[in-house]
Amino acid sequence: MPAMKLALRALFSSLFAILSTAVGAGSQAAPPSPFGPVPTERQLRWHEMEFYGFLHFTVNTFTDKEWGYGDEDEKVFNPTGFDADQIVSAAKAAGMKGVILTAKHHDGFCLWPSQYTEHSVRNSPWKGGKGDVVKEISASCRRHGLKFGIYLSPWDRNHKDYGRPEYLAYYRNQLRELLTNYGDVFTVWFDGANGGDGFYGGAREKRQIDNRTYYDWPNTWSIVRELMPGAAMFSDAGPDFRWVGNEQGIAGDPCWATLNIAGRHPGGTSANLNSGERPGTDWLPAECDVSIRPGWFYHANQDTQVKTPRQLLDIYYQSVGRGACLNLNLPPDRSGRVHENDIQALAEFRRILNATFARDLARKAKLTASNTRGGTRQFAPKNLLDHRRDTYWATDDDITTPDLVMAFGKPITFNVVSLREHLPLGQRVEEFALDQFKDGKWVEFAKGSSIGNLRLVRGDFITTDKVRLRITRSPVCPAIAELGLYAEPAQGPGR
Ligand code: FUL
């Protein structure tokens, strides 16, 4: 009998070898070539943030203004119970991964004791002139595991030299202070509002600047690169991420991560910032900035106008869910804390998001793709379910419109589909469609175009035992990192 056993074993092992070659198990295939502009490491880290917050806080909080003229007495800045941990905890509880503080807004008042001006917290009664908001917020971020970013307004309505070359030296000195004394900074936010009337050291006049040339941005950006190489820089035109073109927090559909950067500059045209441009010469993804209240700064008369949890959710789906990052402003009040109404709205918003994304209903699906690159495990559809950005399903180079079927074995009910591309290979897919298996046939329930960092398709509830993804237009083979299905929890009536 041993001879028979040996023969059987030989037969099985050759059968196994044939099968392995057929499905390509264990074999390797080269990854797809990148398509178009691709993100830098710095941009990839920024994409992973997805949701962070602004903190607009300065003399305006106490004068009830949105834009201070620049002649405010430092003594007006006097929060009665400033609590950095309360502010940062509010951001953290909302699910934010970082906060960006207005270290200096257009009024020129500095929230840190800058050695280059008297117009700062040092001359305010707060903490007897010994306070430093930048220090307290950045330290609290470190304690709570949030990243810290700065907003340093280029337009300065207080400074006597604004509009002249001397002001640039002042601005850059302040940037250096902020980037050397307060630990790690994940982003520097360069605002585009420019020029006009102001105090300007007592001149009280109108100063117009040419925002294409005055700021000499490349030399300011190089300071950030030198002192904080990991920081991603924002402006209307990058260099690392762009404004989305509105202050409602809504990205376009589509919202491409690419843009033609030639001829653009901070404070310049907002054409196509909402949708991005395809083809585009540069990877320049969008940030959606919006305030939780009508104003950027706290105004007591807006306490009843805090966005509702449902409004915040709609914004989330139209920003993060369209491949952008969401920068949601939480303005501290005159006590120096985030108001209770804002905290409550954020808590319910977070509860709903957590309940939605706690369980990926596709995680046990059986996946069948019309093609897998090289037939290898390395690019197999199961990579779609592991919630990792670095593994992905890809097809052979000549297969640009593949299908993928997810079978659940029993009906599942969902109303949100998530898709993510593997960004290091560029933004590839141009159109996709989703089908449900209904009454014995495939029925389309959604279609879309840009995917990029994330695409959340949110619609009516669907119950089905099979879902199909069709890539319907792509210039190259797709590289998809994630495909998930989720169900929003039931919500009460009203908004
Ligand atoms: C704008 C500013 O003028 C607003 O005050 C606010 O800071 C917003 C985020 O950016 O350009």
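Ligands are counted one by one from 1 in listed order, and the atoms in each one are counted from 1 as well. Quick caveat: nothing in here was measured; it's all calculated off a predicted structure.
Cation-pi geometry between Arg458 and Tyr317 is satisfied (NZ or CZ under 6.0 Å from the ring centre, within 45° of the ring normal).
Under a 4.0 Å criterion applied to the non-hydrogen atoms of Ala193, ligand 1 contributes the atoms 3 (O), 11 (O). Near Tyr151, the atoms of ligand 1 lying under 4.0 angstrom from a non-hydrogen atom of the residue are 2 (C), 7 (O). Set against the non-hydrogen atoms of Phe54, the atoms of ligand 1 under 4.0 Å away are 9 (C). When each atom of ligand 1 is checked for a heavy atom of Asp289 under 4.0 Å away, the hits are 9 (C). Each of the following atoms of ligand 1 lies closer than 4.0 Å to a heavy atom of Glu247: 1 (C), 8 (C), 10 (O).
Between Trp67 and ligand 1 there is a heavy-atom distance shorter than 4.0 Å.
Distance check, rounded to the nearest 0.5 Å: CZ of Phe190 to OG1 of Thr220 gives 6.5 Å. Taking OG from Ser114 and CG from Asn181, the interatomic distance works out to 10.0 Å, rounded to the nearest 0.5 Å.
Crowding of Lys127 atom NZ: a count of heavy atoms from other residues, nucleotides or ligands under 6.0 Å exceeding 12.
Aromatic pair Tyr200/His159: centroids not less than 6.0 angstrom apart.
On a distance-only criterion, His106 and ligand 1 share at least one N/O pair closer than 3.5 Å. Considering both main-chain and side-chain atoms, His56 comes within under 3.5 Å of ligand 1 through a nitrogen or oxygen pair.
Asn453 and Arg389 are linked by a side-chain donor-acceptor pair at a separation below 3.5 angstrom, with hydrogens and angles left out of the test.
Counting heavy atoms closer than 4.0 Å to ligand 1, residue Thr102 contributes nothing at all.
Scanning the protein heavy atoms around atom 1 (C) of ligand 1, the nearest turns out to be Asp191 OD1, 3.0 Å.
Classified by interplanar angle (parallel below 30°, tilted 30° to 60°, perpendicular above 60°), the ring pair Tyr162/Tyr214 is perpendicular.
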